[in-house]
Amino acid sequence: MNIALLGHGTIGSGVYELINLNKGKFSGNFTDIENRRSSPVITKVLERDASKDLGDTVGKVVTDPKEILEDDSIGLVVALMGGMDFEYEMIKACLKAKKHVVTANKAVISEYFQELLNLAEENGVVLRYEASVGGGIPIIGSLKEEMKINRVTEIKGILNGTTNFILSKMTEEGADFADTLALAQSIGFAEADPTADVEGYDVSRKLSILSSMAYESIIRDEDVYKRGMTDVRAVDIEMTGSLGYTIKYLGHSILEENDLYTTVEPVLFKEASIMSNVNSEFNIISITGDIIGELQFYGKGAGKDATANAVVGDVLYILNMDADRKPESLRLGRNLNKAGTSIFKGKYYLRANLVKQEDLDRVLAAVETVADRKTVIVNEDKVFVVTSVIAADRFNEMTELLQKEVPEIFYARIYE
Ligand code: HSE
C-alpha cells in the first residue's frame with residue numbers, strides 16, 4: 001500500500017522524514033526475515049507549489065488532488081494541510097475513494113466528527129486522528145482503551161503548547177504578554193495569526209473531540225464556554241506568584257448525569273501542583289473514569305517530531321490491521337444537556353486597572369454582588385481582589401457587567 005501526504009509543512013515534513021527518510025525505526029516494522037526492506041512509502045505529496053524540493057527520494061510533488069484520488073496504488077492518505085474547507089473536502093473525497101485517512105486536523109474532526117466516522121464506516125476504511133489532540137501524547141488511543149471499562153466523567157488539561165509556552169515564559173521572566181507573544185512568533189512557537197491559540201479555539205476543539213468520544217455525544221467547539229488568555233499581564237504573574245499560584249490555560253469538561261459542563265479559561269494552580277509544573281510546549285491531559293479514577297498523560301503537545309510521531313503511529317495501526325478486522329466504532333448519539341459552567345466553583349483572583357476616581361468603588365461593589373472579598377490590595381492604579389468561593393457562571397456574568405465600566409481587568413478561578 002502506498003501513502004499520499006497532503007501538506008509538507010512542519011508536521012508533514014516530520015512525517016516524511018519518519019516514513020521516507022529512515023529517521024526513527026518506522027521501516028524496521030516491515031523488514032522481512034532476510035532483512036530486506038519492504039516498507040510502505042509516501043509516493044505523492046500534495047502541495048500548492050509544485051516546485052517544493054523533497055530531496056532525492058520516492059515522493060513526487062503534485063498539485064492536483066485527482067493525482068491522489070484516482071491513484072489506485074495509494075491506499076492511505078495523511079492529511080496535514082491544516083485549515084478547514086479544503087482539507088475537509090479532501091478527507092471526504094479520500095474516504096469515498098476507499099482510502100484510509102490519518103489527520104491531525106482538530107478543526108475538521110471537531111466540526112465533522114460524526115459525518116466523517118460514518119463515511120469511513122460506509123466505505124470500509126479507517127479514519128485516525130491521534131495527533132489532533134495533545135501532539136505526541138497518545139490520548140485518543142488511551143481514552144478509547146479506558147472507555148472499554150470505564151464511564152468517563154471528567155477531562156481536564158493544558159492542551160495548547162503555544163499558550164503554555166507564553167505563560168511559562170512570562171512566569172520565568174516576568175515578561176508581558178505582547179512581548180512574549182512576539183517572541184513566540186519569532187521562534188515559530190506561535191503562528192502569525194495567533195487567534196486560534198490565544199482565544200481558546202484550539203483548546204476548545206481538542207476538548208470537544210475528547211469530550212465527544214468520552215461522553216458519546218457530539219460536542220462542538222461552539223458548545224464550549226471559552227475565554228481567551230490575552231488579558232494576562234506581568235503584574236498578574238507577579239501578584240498571583242506572591243500568593244503562591246501559577247497561571248495556566250485550562251480546558252475542562254465534566255459530565256454529571258446528562259448534564260455537560262465545559263470551560264476553557266485561564267486559571268490558577270498552587271505552585272507545587274503538577275499542573276503548575278507543566279511548562280513550555282508540554283501538555284497534560286487528565287481523564288477520570290468511574291473504575292480507574294484519575295489518569296494523567298504528559299508529553300509534548302506541539303512541535304514537528306512529537307506530532308509526526310503520533311501521525312505515524314496511526315499510519316502503523318492501519319498498515320498492521322488485518323484485512324478482515326472491523327475498525328472500532330464510536331457511538332456519538334447521546335443527547336446531552338449543555339449545562340454551562342455552574343459546576344466549576346472556586347475562589348477568584350481579580351485585577352482591575354483604575355482609571356477614574358470612582359473605579360475602585362465600582363470594582364468592590366461589583367464583586368460584593370456575588371462573593372465576599374477575602375483579600376484586597378490597592379496598589380496605585382490597580383486593585384487586586386481574592387474572593388470567597390463562587391460558581392463560575394455567576395462570576396463570569398458579574399465581570400461582563402463590570403467590564404462595561406472598568407474595561408481593563410483580568411480574572412482567574414483558583415483550583416485548590
Ligand atoms: N497550536 C497548537 C498548540 C498546535 O500550540 O498546541 C498543536 O495542536
Side-chain angles (χ1 to χ4, degrees), residues 2-21 41-55 57 59-71 74-97 99-113 115-117 119-120 125-136 140 160-162 188 190-197 201-202 205-206 209 221 301-315 318:
N2 289 330
I3 301 168
L5 179 63
L6 313 184
H8 191 273
T10 306
I11 313 302
S13 61
V15 169
Y16 196 82
E17 286 166 15
L18 289 181
I19 295 181
N20 277 27
L21 304 184
V41 283
I42 296 166
T43 52
K44 288 183 181 168
V45 176
L46 184 76
E47 268 289 333
R48 289 176 216 283
D49 175 9
S51 67
K52 190 127 197 174
D53 183 12
L54 298 178
T57 62
K60 170 185 169 209
V61 177
V62 300
T63 53
D64 182 355
K66 279 192 193 146
E67 288 240 30
I68 289 170
L69 294 169
E70 294 174 4
D71 182 340
I74 290 171
L76 196 165
V77 176
V78 178
L80 298 174
M81 301 199 94
M84 186 61 116
D85 296 341
F86 182 76
E87 190 134 274
Y88 165 58
E89 294 300 338
M90 272 308 284
I91 291 175
K92 269 201 311 188
C94 290
L95 294 172
K96 284 183 186 163
K99 299 181 193 305
H100 301 292
V101 172
V102 172
T103 186
N105 193 322
K106 64 216 73 133
V108 170
I109 294 294
S110 65
E111 188 64 27
Y112 301 105
F113 209 174
E115 180 192 355
L116 296 177
L117 288 173
L119 255 186
V125 286
V126 175
L127 170 70
R128 304 275 293 181
Y129 42 89
E130 179 61 73
S132 65
V133 183
I140 301 279
N160 183 270
T162 303
E191 293 185 35
D193 177 1
T195 312
D197 291 319
Y201 298 101
D202 179 82
R205 285 169 187 149
K206 291 168 178 168
I209 293 171
D221 170 41
K304 175 175 162 175
D305 286 340
T307 312
N309 190 92
V311 170
V312 175
D314 277 348
V315 169
I318 291 170

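A quick note: this is a predicted structure, and the numbers were derived from the prediction, not measured.
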Which residues satisfy the salt bridge (Lys or Arg N to Asp or Glu O under 4.0 Å) test with D202, sequence neighbours excluded?
-> K106, K206
For the atom pair CG (L80) and OG1 (T103), what is the distance rounded to the nearest 0.5 Å?
-> 6.0 Å
What closest approach, in Å, do L76 and I318 show between heavy atoms, and which atom pair accounts for it?
-> CD1-CG2, 3.7 Å
Residues that H8 engages under ring pair (Phe, Tyr, Trp, His ring centres under 6.0 Å), provided they are two or more places apart | Y16
D305 meets the side chain to side chain contact (heavy atoms under 4.5 Å, CB included) criterion, sequence neighbours left out, with K23
Output all residues satisfying side chain to side chain contact (heavy atoms under 4.5 Å, CB included) with D85, sequence neighbours left out; order by chain, then residue number.
-> none
E191, CD atom: more than 12 neighbouring heavy atoms under 6.0 Å = no
Contacts of type side-chain hydrogen bond (donor to acceptor under 3.5 Å, both in side chains), residue N309, not counting sequence neighbours = none
By salt bridge (Lys or Arg N to Asp or Glu O under 4.0 Å) - contacts of K44 (at least two apart) | E67, D71
Closest heavy-atom pair and its distance - G59, N20 | N-ND2, 3.9 Å
What distance do I209 atom CD1 and I140 atom CD1 have between them, rounded to the nearest 0.5 Å?
-> 6.0 Å
Can you name the closest pair of heavy atoms from A131 and A104 and give their distance?
-> CB-CB, 3.7 Å
Rounded to the nearest 0.5 Å, what's the gap from CD1 on I68 to NZ on K99? Could you check?
-> 9.0 Å
Go through the steps for I42 and V15 under the test side chain to side chain contact (heavy atoms under 4.5 Å, CB included), then give the verdict.
-> CA-CA 9 Å; I42 296 166; V15 169; 4.3 Å; yes
Does the side chain of E115 reach to within under 4.5 Å of the side chain of K92, using non-hydrogen atoms?
-> yes
Shortest non-hydrogen contact from D197 toward T162 = OD2-OG1, 3.4 Å
Looking only at heavy atoms, which two atoms of M81 and L46 are closest? And how far apart?
-> CE-O, 3.9 Å
Output all residues satisfying side-chain hydrogen bond (donor to acceptor under 3.5 Å, both in side chains) with R205, sequence neighbours left out; order by chain, then residue number.
-> none
Hits for ring pair (Phe, Tyr, Trp, His ring centres under 6.0 Å) against Y88, two or more places apart or cross-chain, chain-then-number order -> Y112
Residue list, side-chain hydrogen bond (donor to acceptor under 3.5 Å, both in side chains) with K52, at least two apart or on another chain | none
Atom pair CD (E87) and CG (N105), whose distance is rounded to the nearest 0.5 Å | 4.5 Å
T307 to G135 - nearest heavy-atom pair and separation | OG1-CA, 3.9 Å
Would you please name every residue forming a side chain to side chain contact (heavy atoms under 4.5 Å, CB included) with T195, sequence neighbours left out?
-> D193, E199, Y201
Straight-line distance of I91 CD1 to L127 CG, nearest 0.5 Å = 7.0 Å
Partner set under side chain to side chain contact (heavy atoms under 4.5 Å, CB included) for A306, not counting sequence neighbours = K300
State the CE-CD distance between M84 and E111, to the nearest 0.5 angstrom.
-> 4.5 Å
